[in-house]
Chemist: 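Mind having a look at this structure? Questions to follow.
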Amino acid sequence: MKKSDYYIQGIFNSDESVITEIYQNFFPKVAKFIRQNKGQQEDVEDIFQKALLQISARIKVRKLEVVHTSFEAYFFTACKNLWRRELNKRKREVTNDRVPELVSDESDMAYALLEQERWELFKEKLETLSGNCKEVLTLFLKKVSYADIVKKLSYSSETVARQRVFKCKAKLIETIKSDNRFKNLMS
């Protein structure tokens, strides 16, 4: 049994030893990320627990397969996405003069699941692109300058790099929109 399947099965069965192993193996990395991004120990614990609940709910609703990545990468991405949502929510509460919106934990969890599924569709479709497109879009998404993209990928000019980014983004969007899951995830 693959390690990813082992963790997924353990979460599905609420196996305490597997969940303890997940905590031991992945908690330090998640804690480091959240603390480096304006979080406290309580935030780490909350996000880690929410990610476990999110994955558990996902497994029980439909089969979860960690296809293109390891369970650790999948879990860490879930934690990062949850933490970013939390930071955005806090920012809105601070900058809003209105009374903060009260969102139930259930609807918040449902939105987090939807967001995770959108991310998975994006990553899956990114992997289907040519090697050059994957590389140029990865650099672009990491906010690497066009000048640096030209150097790294040996393009003749920044205009060529911009055109390549545009064409690769268009191809990625077309690929995502042609997937049957796209309409469900957008509604």
Chemist: Only counting residues at least two apart or in another chain, list the ones meeting ring-ring contact (aromatic ring centres under 6.0 Å, His included) with Phe140.
Modeler: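 ring-ring contact (aromatic ring centres under 6.0 Å, His included) list for Phe140, sorted by chain: empty.
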Chemist: Could you state the interatomic distance from NZ (Lys3) to CG (Asn25), rounded to the nearest 0.5 Å?
Modeler: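 Between atom NZ of Lys3 and atom CG of Asn25 there are 7.0 Å.
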Chemist: Just to verify, what does Lys169 make a salt bridge (Lys or Arg N to Asp or Glu O under 4.0 Å) with, not counting sequence neighbours?
Modeler: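 For Lys169, no residue satisfies salt bridge (Lys or Arg N to Asp or Glu O under 4.0 Å) once neighbours in sequence are set aside.
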Chemist: Side chains of Lys152 and Ile149: closer than 4.5 Å at any heavy-atom pair?
Modeler: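 No - every pair of side-chain heavy atoms lies 4.5 Å or more apart.
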Chemist: Check whether the ring centres of Phe26 and Tyr7 lie less than 6.0 Å apart, and answer yes or no.
Modeler: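 Between Phe26 and Tyr7, the centre distance is under 6.0 Å.
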Chemist: What pair of heavy atoms forms the shortest contact from Ser4 to Ser70, and how long is it?
Modeler: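 Where Ser4 meets Ser70 most closely, the heavy atoms are OG-C, 3.9 Å.
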Chemist: Excluding sequence neighbours, so at least two apart, what forms side-chain hydrogen bond (donor to acceptor under 3.5 Å, both in side chains) with Asp179?
Modeler: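 By the side-chain hydrogen bond (donor to acceptor under 3.5 Å, both in side chains) rule, Asp179 matches Lys125, Arg181.
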Chemist: Side-chain contact, heavy-atom cut-off 4.5 Å: Lys123 with Tyr74?
Modeler: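 No. Closest side-chain heavy atoms not under 4.5 Å.
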Chemist: Please evaluate residues Glu135 and Leu153 with respect to the criterion side chain to side chain contact (heavy atoms under 4.5 Å, CB included), reporting the C-alpha separation (whole Å), side-chain torsions for both, the decisive distance (0.1 Å), and the verdict.
Modeler: CA-CA 9 Å; Glu135 190 171 9; Leu153 300 180; 3.2 Å; yes
Chemist: Any pair with a residue in residues 155-166 that passes side chain to side chain donor-acceptor pair (under 3.5 Å), sequence neighbours left out, goes on the list, sorted by first then second residue, please.
Modeler: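 For residues 155-166: Asn132-Tyr155, Asn132-Arg164.
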Chemist: Hey, are the side chains of Phe48 and Trp83 touching, using non-hydrogen atoms and a 4.5 Å cut-off?
Modeler: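 With C-beta onward as the side chain, the pair stays apart.
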Chemist: I need the single residue from Leu129, Leu137, Ile176 that forms a side-chain contact (heavy atoms from CB on, under 4.5 Å) with Lys171. Which is it?
Modeler: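 Option passing the side-chain contact (heavy atoms from CB on, under 4.5 Å) with Lys171: Leu129.
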Chemist: Check salt bridge (Lys or Arg N to Asp or Glu O under 4.0 Å) between Lys167 and all other residues, then give those that pass, not counting sequence neighbours.
Modeler: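 Testing Lys167 for salt bridge (Lys or Arg N to Asp or Glu O under 4.0 Å), a comparison that skips the adjacent residues, returns none.
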Chemist: Distance-only check: which donor-acceptor pairs under 3.5 Å involve side-chain atoms of residues 10-20, not counting sequence neighbours?
Modeler:
residue: Asn13; atom: ND2; partner: Gln9; partner atom: O; Å: 3.2
residue: Asp15; atom: OD1; partner: Ser17; partner atom: N; Å: 2.9
residue: Asp15; atom: OD1; partner: Ser17; partner atom: OG; Å: 2.6
residue: Asp15; atom: OD1; partner: Val18; partner atom: N; Å: 3.3
residue: Thr20; atom: OG1; partner: Glu16; partner atom: O; Å: 2.8

Chemist: Partners of Thr128 by side-chain hydrogen bond (donor to acceptor under 3.5 Å, both in side chains), sequence neighbours excluded?
Modeler: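 Thr128 satisfies side-chain hydrogen bond (donor to acceptor under 3.5 Å, both in side chains) with no residue once adjacent residues are dropped.
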Chemist: Of all residues at least two apart in sequence or in a different chain, which pass the ring-ring contact (aromatic ring centres under 6.0 Å, His included) check with Phe122?
Modeler: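 Per chain and number, Phe122 pairs via ring-ring contact (aromatic ring centres under 6.0 Å, His included) with Trp119.
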Chemist: Are the side chain of Ser56 and the backbone of Leu52 linked by a donor-acceptor contact shorter than 3.5 Å?
Modeler: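 A pair under 3.5 Å: no.
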Chemist: Excluding sequence neighbours, so at least two apart, what forms side chain to side chain contact (heavy atoms under 4.5 Å, CB included) with Lys151?
Modeler: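 By the side chain to side chain contact (heavy atoms under 4.5 Å, CB included) rule, Lys151 matches Asp148.
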Chemist: Taking disulfide (SG to SG under 2.5 Å) as the cut-off, I'd like each qualifying pair that reaches into residues 123-167, sequence neighbours left out, listed once.
Modeler: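 Sorted result for residues 123-167: Cys133-Cys168.
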Chemist: What I want to find out is whether Glu86 reaches Lys89 closely enough, with some N-O distance under 4.0 Å, to be called a salt bridge.
Modeler: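 Judged by the 4.0 Å cut-off on N to carboxylate O distance, Glu86 and Lys89 do form a salt bridge.
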Chemist: Listed by chain and number, what are the side chain to side chain contact (heavy atoms under 4.5 Å, CB included) partners of Lys143, not counting sequence neighbours?
Modeler: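 Result, side chain to side chain contact (heavy atoms under 4.5 Å, CB included) vs Lys143: none returned.
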Chemist: In a table with atom names and distances, give each donor-acceptor pair under 3.5 Å that connects a side chain of residues 29-41 to protein atoms at least two apart or in another chain.
Modeler:
residue: Arg35; atom: NH2; partner: Gln41; partner atom: OE1; Å: 2.4
residue: Asn37; atom: ND2; partner: Phe33; partner atom: O; Å: 2.7
residue: Gln41; atom: NE2; partner: Glu45; partner atom: OE2; Å: 3.3

Chemist: Heavy atoms, side chains only, cut-off 4.5 Å: are Asp5 and Phe71 in contact?
Modeler: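 Contact flag for Asp5/Phe71 side chains = no.
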Chemist: Starting at CG of Asn81, measure out to CD of Glu120 and round the result to the nearest 0.5 Å.
Modeler: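 Between atom CG of Asn81 and atom CD of Glu120 there are 9.5 Å.
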